[in-house]
Amino acid sequence: MRIYLGSDHAGLELKDHFVKRLTGLGHEVTDVGPHAYDADDDYPPYCVEAARRVVADEGSLGLVIGGSGNGEQIAANKVPGARAALVWNVETALLARRHNNAQLAAVGARMHTVEEAERIVDAFLAAEFEGGRHQRRIGLLAEYERTGVPPAL
Ligand SMILES: O=C(CO)[C@H](O)[C@H](O)COP(=O)(O)O
């Protein structure tokens, strides 16, 4: 699987852990950065870049990692076509793929042990979109994104 990762300083250590781990598991991993610790860096450039790469590469997935994952999710979702979900346990990770067809998972490095984060990310990567009624809902959002016309109430 092709996987793009981005973070900020708060997520750097966990990102680097996943870059090694996912590469070791045979995935084709791209680390968009940061590549060095800078306590004053900002997450938007890295999360937007990771999301742009994912959207441009159909079938790929992405991980954006920060302290909470909240800002990282928000940043990734600014990229047209990106569906980034904050995954905070195995269940939300599974549902992010099964119901939301999220191509990106946002993870809060300050919220989990490394082992817990591994279980969450493994669940996200392994789950598959169920389609059906969920595709209809995603379609409404995609149409709104494309046209700016709100879906009918
Ligand atoms: O989680 C985040 C955004 O959602 C950031 O990682 C967090 O805000 C960084 O905080 P600080 O600059 O205090 O380390």
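Predicted, not measured: the structure shown is a model, and the values here were computed from it. One-based numbering, in listed order, for ligands and for the atoms of each.
Given atom 11 (P) of ligand 1, the protein heavy atom at minimum distance is His9 NE2, 3.5 Å. The shortest contact between atom 10 (O) of ligand 1 and any protein heavy atom is with Arg110 NH1, 3.5 Å. Among protein heavy atoms, the minimum distance from atom 8 (O) of ligand 1 is reached at Tyr43 CE2, 4.7 Å. In terms of protein heavy-atom proximity, atom 2 (C) of ligand 1 is closest to Glu72 OE2, 3.3 Å. The nearest protein atom to atom 4 (O) of ligand 1, hydrogens excluded, is given as Gly71 N, 2.7 Å; this is a heavy-atom distance.
For ligand 1, the atoms lying closer than 4.0 Å to a non-hydrogen atom of Asp8 are 5 (C), 6 (O), 9 (C). Atoms of ligand 1 lying under 4.0 Å from at least one heavy atom of Asn70, given by number and element, are 4 (O). Interface of Gly67 with ligand 1, defined as ligand atoms under 4.0 Å from a residue heavy atom, comprises 1 (O), 2 (C), 5 (C), 6 (O).
The shortest non-hydrogen separation linking Arg83 to Gln103 is N-OE1, 2.6 Å. The minimum heavy-atom distance linking Gln73 with Ala106 is given by the pair CB-CB, 3.6 Å.
Between His134 and His99, the ring-plane angle classifies as parallel under the 30° and 60° cut-offs.
A salt bridge links Asp122 with Arg21: at least one charged nitrogen is closer than 4.0 Å to a carboxylate oxygen. Under 4.0 Å is where a charged nitrogen must lie from a carboxylate oxygen, and between Arg119 and Glu115 no such pair does.
Looking at Arg97 and Val87, their side chains never come closer than 4.5 Å, going by heavy atoms from C-beta outward. Looking at Ser60 and Tyr4, their side chains come closer than 4.5 Å, going by heavy atoms from C-beta outward.
Residue Ser68 has at least one nitrogen or oxygen atom sitting less than 3.5 Å from a nitrogen or oxygen atom of ligand 1, judged on distance alone. For Ala10, no nitrogen or oxygen atom sits less than 3.5 Å from a nitrogen or oxygen atom of ligand 1, counting backbone and side chain alike.
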